[in-house]
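Remarks on the structure that follows.
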Amino acid sequence: MTTFSDLGLPAPILQALTAEGYETPTPIQAGAIPHVLAGRDLLGIAQTGTGKTAAFSLPILGRLMMSDARPKPRACRVLVLSPTRELASQIEANIIAYAKFLRFSTTLVFGGVPVGRQIRACAPGVDIVVATPGRLIDLLNQRALTLDEVGVFVLDEADRMLDLGFMRDIQKIVSLLPKKRQSLFFSATMPPAIAKLASNLLSNPVEVAVAPVSSTAERIRQSVIFCPTRDKQAMLHGLLADDTISRALVFTRTKHGADKVVKYLNASGFKADAIHGNKSQNARERALAAFKSGSSRLLVATDIAARGIDVDGVSHVINFDIPNISETYVHRIGRTARAGADGSAISLCGEDERSFLRDVERLIRQKVPVVEGKLGSVSAPTQAEVPYRDPRAVRGRPGQGGKPQAQGRPGQPGSGTGRHGAEGAPRPNAGPARPRDGAPAQNRPRDASRPAAQGTDRPRGDGRRAQQPR
DNA sequence: AAAAAAC
């Protein structure tokens with residue numbers, strides 16, 4: 001069996017892995033590490049929760065060890081980009097854990113926190129910068145940081161980083177990188193159009209794709225409940241009565257929707273927090289920390305939390321809305337069943353979301369089993385306590401309606417029946433290389449790990465107002 | 001019609 005030492009990683013990194021209790025590389029790690037150590041460009045595609053961060057972090061540390069060079073003032077040797085601040089923070093914490101026995105400096109660069117500390121952290125030069133695009137460009141414009149010495153450039157969630165909303169920033173950043181560099185792109189999904197963009201930025205890349213998207217959700221019990229939009233809150237209430245839900249992440253399509261759901265849940269006696277981009281960085285970090293620590297078992301999120309975020313023991317992902325971008329579904333449900341655990345993903349599908357569901361099923365190349373939900377007792381004046389029937393089974397005249405179900409109908413969500421791939425499904429090897437939370441920070445902006453005292457729910461000073469109901 | 005990401 002392959003071990004981390006077989007992959008050519010140097011001793012101090014192996015020691016850190018041992019200290020963290022990791023034994024066996026996951027397939028993406030085994031596939032990527034030797035190529036990255038050899039200096040190749042790489043496109044890495046692997047299902048969620050299989051240790052992609054370690055797949056690039058470990059060999060990057062190995063690369064850094066090959067040279068005695070120190071970064072010049074305001075320069076960095078490795079640049080890692082992430083689509084959200086929380087993911088950037090998590091990546092940096094992982095790198096710090098892997099670099100436990102090494103003396104490399106790392107720093108976080110992202111918005112929503114004071115810039116001064118980040119500028120000071122960059123001033124002497126830093127080995128590894130983990131950043132989101134906006135603040136990075138800010139620092140580059142201020143000449144607080146230069147990319148002239150970047151030897152390794154990483155795009156995590158690469159397809160997200162290369163889509164329309166981020167493309168301009170990425171182009172700007174790439175234009176400031178040395179031509180001669182190593183580039184590593186990672187994601188669980190890679191739509192063909194984006195893969196083409198990616199290939200323009202990579203030089204003769206190795207492609208390591210260890211699991212097709214279709215098997216992404218093998219250990220996740222997926223189900224969909226057809227539910228009129230107006231009954232969704234009551235349906236969620238009904239779902240939460242299930243006490244096998246130890247920790248649930250509820251996704252909504254909009255920030256306003258997330259706030260509404262939290263309000264409803266709190267009024268119904270459930271403690272829940274929201275996390276989305278209209279919250280202050282302080283409130284975002286508090287909500288995530290409360291969810292991670294278990295002091296709050298429900299987190300209601302926009303797609304800010306869809307990608308990469310690693311929380312142990314998320315038993316359920318609930319899609320309050322079906323995402324309109326199908327790839328997003330794969331990332332959302334990947335927040336459960338991480339690192340060999342299992343989990344459930346339940347999606348509420350309103351009348352107007354059927355086409356989104358069809359898109360998702362086409363992407364994952366499977367039908368999502370339909371279950372009947374039971375409405376909770378609150379705010380369902382007309383249909384309280386009435387099980388909601390699948391309209392596909394009810395509607396349509398014989399011969400032309402009623403799309404057949406491709407898979408058997410599992411029991412109620414969380415009942416443990418109707419599970420796919422429970423036996424004989426490939427499981428990641430035991431002990432994938434993922435560090436625990438709370439790794440000590442070195443040279444990181446203090447504000448990122450220690451929120452400012454002020455606790456508003458509004459963004460600070462960006463001119464936007466919190467969203468108001470109309 | 002959305003989310004994220006700088007101030």
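Note that the structure is a prediction, hence the values are computed from the model and not measured. Every chain is numbered from 1 and lettered A, B, ... according to where its sequence line falls, protein lines coming before strand lines.
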Which one, B/dA1, B/dA5, B/dA3, comes nearest to the side chain of A/R253? B/dA1
Figure out the [atom1]/[atom2] separation between [X] and [N], and round it to whole Å.
{"X": "A/N324", "N": "B/dA2", "atom1": "CG", "atom2": "P", "value": "10 Å"}
{"X": "A/L139", "N": "B/dA6", "atom1": "CG", "atom2": "P", "value": "10 Å"}
{"X": "A/Q281", "N": "B/dA4", "atom1": "CD", "atom2": "C1'", "value": "12 Å"}
{"X": "A/N141", "N": "B/dA5", "atom1": "CG", "atom2": "P", "value": "19 Å"}
{"X": "A/F320", "N": "B/dA3", "atom1": "CZ", "atom2": "P", "value": "15 Å"}
{"X": "A/E353", "N": "B/dA2", "atom1": "CD", "atom2": "C1'", "value": "13 Å"}
{"X": "A/I173", "N": "B/dA4", "atom1": "CD1", "atom2": "C1'", "value": "14 Å"}
{"X": "A/D163", "N": "B/dA3", "atom1": "CG", "atom2": "P", "value": "14 Å"}

Can you tell me if the side-chain N/O atoms of [X] get under 4.0 Å from OP1 or OP2 in [N]?
{"X": "A/T328", "N": "B/dA3", "value": "no"}
{"X": "A/R85", "N": "B/dA6", "value": "yes"}
{"X": "A/T84", "N": "B/dA5", "value": "no"}
{"X": "A/R284", "N": "B/dA4", "value": "no"}

Report the distance from atom [atom1] of [X] to atom [atom2] of [Y], rounding to the nearest 0.5 Å.
{"X": "A/I220", "Y": "A/H316", "atom1": "CD1", "atom2": "NE2", "answer": "12.0 Å"}
{"X": "A/R297", "Y": "A/I245", "atom1": "CZ", "atom2": "CD1", "answer": "6.5 Å"}
{"X": "A/D303", "Y": "A/T254", "atom1": "CG", "atom2": "OG1", "answer": "10.5 Å"}

Mind checking what makes salt bridge (charged side-chain N to carboxylate O under 4.0 Å, His left out) contact with A/R307, not counting sequence neighbours?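 For A/R307, the residues satisfying salt bridge (charged side-chain N to carboxylate O under 4.0 Å, His left out) (neighbours in sequence not counted) are A/E157, A/D159.
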Classify A/G111 by what it touches in the nucleic acid, base, sugar-phosphate, or nothing, heavy-atom distance under 4.0 Å. sugar-phosphate
Looking at residues at least two apart in the chain, or sitting in another chain, which of them share a side chain to side chain donor-acceptor pair (under 3.5 Å) with A/N141?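 Side chain to side chain donor-acceptor pair (under 3.5 Å) list for A/N141, sorted by chain: empty.
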